[in-house]
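Worksheet for the structure shown next.
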Amino acid sequence: MPEFDVVIVGGGHNGLVTAGYLAKAGARVIVLEKRPLVGGACVTESPWPGFRINTFAYVCGLLRPQIVEDLQLPKFGYETILYDPQYAVPFPDGRRLLMWLDEGKTQEEIAAFSKADAKAYPKYIQFWNDVLDLIEPTMLAPPVPIADLFGMFTGPEAERLLRDLFLVSAKDFLDEWFESDHLKAALVTQAIIGTFNGPYSPGTAYVLGHHNIGILEGHREVWGYAKGGMGRIADALAASAQHFGAVVRTGAGVRRVLVEGGRAVGVETEAGETIRARAVVSSLDPKQTFLRLVPRDAVPGEFLDGVRKVRTRGAALKFNAALDGLPEYTAMPGAPGPHHNGTIDIIPSMEYVERAYDEAKYGAFSSHPFIETQYQSVLDPSVAPPGKHTMTCFVQYAPTELRGTTWDEYRPKAAEIVLDTIEAFAPNVRQVVKHWEVVTPTDMERVLGLTGGNIFQGDITPDQIFSFRPLPGWANYRMPVPGLYLGGSATHPGGGVLGAPGYNAAHVVLEDLRGTAKA
Amino acid sequence: MPEGTVSFDVRAPGDRVWAFLSDMRKVGSCVPGVQSVDIHDERRATWNLRMKIGPLSQAIRVETENIEMIPPSRAKFRGVADNVDMTGTIVLEPKGEVTTVTYTMNVQTKGPLARILDNFMRAKLSQQTQEFAENVKRSLET
């Protein structure tokens, strides 16, 4: 009998969720993570002494509450900070829009741009609340065939919803709701985050929905900080899994998945160790799993073709910095001001973002990028030395490959563009930045194994969600090699720190180990 | 299997509560979402429900049958719809002018959307049973 029931390749947050549920159910589980720390893209690191930086993922809220409860994460250090305002957007015309947790306060802000939009805003929030009621039950379950799902949408009202959610662009969707370009700019950010599409691309309204599923401290459609940094989520997941009996090993990259008699029977580590198990769960993306780890002759050629066609285009880079003080925004005086609590978006208009995308489509880093910035240290002093601050910027668009150069060569130029862009809104930014790093799509692939630097392990567009994820016919976590499962963000319901793919994979593996799988 | 249960006191004697809850039309009118009840005979009826799932509204036809009637303390019924089977149990404990009612609803989902419906029912059943309790109290106490 093998030493383990399940070996999990990759100690990202999904791999750890899978480990936690399997171990809690009594399975003997080992997690193998190649980096010296767990978390994958959900990590906090200290590139400069005293500063704790969210290198990749930067805000929380998507992690499903049931997972937090089932795995007892608060007991293991999981703590969140709900910030308010949620968004602050400074505009080039000197105006600004703050989006508060309090709907009435946000309406007052919106009324400065359009009274009609202020009136429509509560209906818009209610719309997404209703959609969340619909989407949430689909998340902690394997995806149903898309045709069955669409079959639920009968009647004119439902058909309109189907069109809005899956077929239209974020721009068209928002144009139908609101008239103010300022408000639409503020809202469209969620439709493009991490996605290699512009807001004018059909299907981006769904991405808007995907990012509106946050639940934190009883609030819906919200974001917050993980106290101490995103790595604390991964640490809590690892501690929980270990508490239930899982072995979590870092510095343990996997060289290959072992296949014997047509069945996955374990893995061989980069150090040459063989670890046998009844099942192997890969939380890596399908390209890393099947084009690098699984023997080519173990899977059908047409399946490999499908894997190659999964779109894993990078869309963004991170610019992280250690600060001596806070940037002062011309349109939002005061440092710190309430706007420093949460996300500050540089997004003057939907057209601005579309133009930023246009450049990236042809292999260039956007000369005027969309930038989403957080200063976590303002609400969480534990991440910076006294009097100092952290700044993390999520910057779009950064294509996987640059035409005529490489990301390693272009890195300093990218940093200049980011600083120039912020400086136009916060003139003192260069004075307060003491250290910076640029994390490019190439870095994300090199360090994390995210193919193309795609933060979701595959675009979250309507053709790559539900039963199409990771590819049609293979959406129920079981792969063509018996005993091999996929359980990362590449699987339903997709990327972000949700934990849902890991949850679903764990339950499918348990069914198979117990022989209780439904036909 | 999703289950919702609620226990509540009604200010009415046991025989009156029993008379109400053993009347398929009346008990159906207290189930959230039921639009109409078609009585077929003393044991069988059809409930025509409209269920809201997020922004979607689904029409559901449930064929119900009383499978256990022990006056004045216990009733059990079964309901069958396209994707859902349900079993409801009502237990009465008369205490003078007050009757304690315990209502339990078990739901078994089926078909390709079973797991999603399971999750949905888990989220909604406690609210549904609570609404049922409020509707029964309102009907009997006013």
Side-chain angles (χ1 to χ4, degrees), chain A residues 64-67 69-70 123-165 209 212-213 215 220 466-467 475-477 492-493 500 503-504 507-508 511 517-519, chain B residues 1-6 31-36 46-63 79-87 104-132 134-135:
Chain A
R64 304 328 293 161
Q66 188 180 327
I67 295 173
E69 189 182 328
D70 289 349
K123 287 183 195 155
Y124 177 80
I125 294 296
Q126 186 56 47
F127 170 84
W128 286 116
N129 252 309
D130 287 346
V131 169
L132 183 54
D133 280 345
L134 180 67
I135 288 180
E136 193 159 40
T138 71
M139 299 183 80
L140 296 183
V144 296
I146 204 104
D148 289 322
L149 186 75
F150 280 18
M152 291 173 70
F153 292 75
T154 54
E157 194 187 341
E159 286 198 341
R160 184 178 174 81
L161 179 68
L162 182 70
R163 161 196 175 271
D164 286 352
L165 277 184
N212 271 334
I213 56 177
I215 300 178
R220 302 178 98 184
F466 288 99
S467 61
N476 74 348
Y477 311 91
H492 171 78
Y503 171 99
N504 292 335
H507 286 79
V508 167
E511 281 179 1
K518 289 176 184 169
Chain B
M1 181 189 299
E3 180 182 295
T5 189
V6 63
V31 174
V34 169
Q35 309 282 300
S36 64
T46 300
W47 293 353
N48 299 299
L49 278 100
R50 186 151 282 280
M51 188 179 274
K52 201 165 162 14
I53 306 176
L56 300 182
S57 182
Q58 295 263 304
I60 299 174
R61 203 176 144 90
V62 185
E63 302 300 336
V80 178
D82 276 352
N83 293 316
V84 180
D85 290 347
M86 56 187 85
T87 308
T104 303
M105 173 68 88
N106 286 289
V107 175
Q108 175 85 52
T109 58
K110 54 193 180 184
L113 299 174
R115 290 196 202 206
I116 291 176
L117 290 172
D118 253 17
N119 288 347
F120 177 76
M121 296 310 296
R122 275 198 186 92
K124 292 289 173 196
L125 260 182
S126 77
Q127 183 193 333
Q128 298 258 322
T129 49
Q130 198 59 47
E131 274 182 47
F132 174 81
E134 283 160 16
N135 291 341

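Hydrogens, waters and symmetry mates are skipped; everything else that's a heavy atom, side chains included, is used. All chains are named by letter (A, B, ...) in the order of the sequence lines, taking the proteins before the strands, and each is independently numbered beginning at 1.
If you take CD on A:Q66 and CZ on B:R122, they are separated by 8.0 Å, rounding to the nearest 0.5 Å. For the atom pair CG of A:L149 and CG of B:L113, the computed distance is 7.0 Å after rounding to the nearest 0.5 Å.
Looking at A:L161, only its side chain comes within 4.5 Å of chain B, counting heavy atoms on both sides.
Two residues are said to be in side-chain contact when any heavy atoms from C-beta on lie closer than 4.5 Å; A:D133 and B:K124 meet this criterion.
Closest non-hydrogen pair, B:I116 versus A:P137, comes out as O-CB, 3.6 Å. Shown here for B:N119 and A:A141, the closest heavy-atom pair between the two residues is ND2-CB, 3.8 Å.
Residue B:Q35 qualifies as enclosed at atom CD: its count of foreign heavy atoms under 6.0 Å is above 12.
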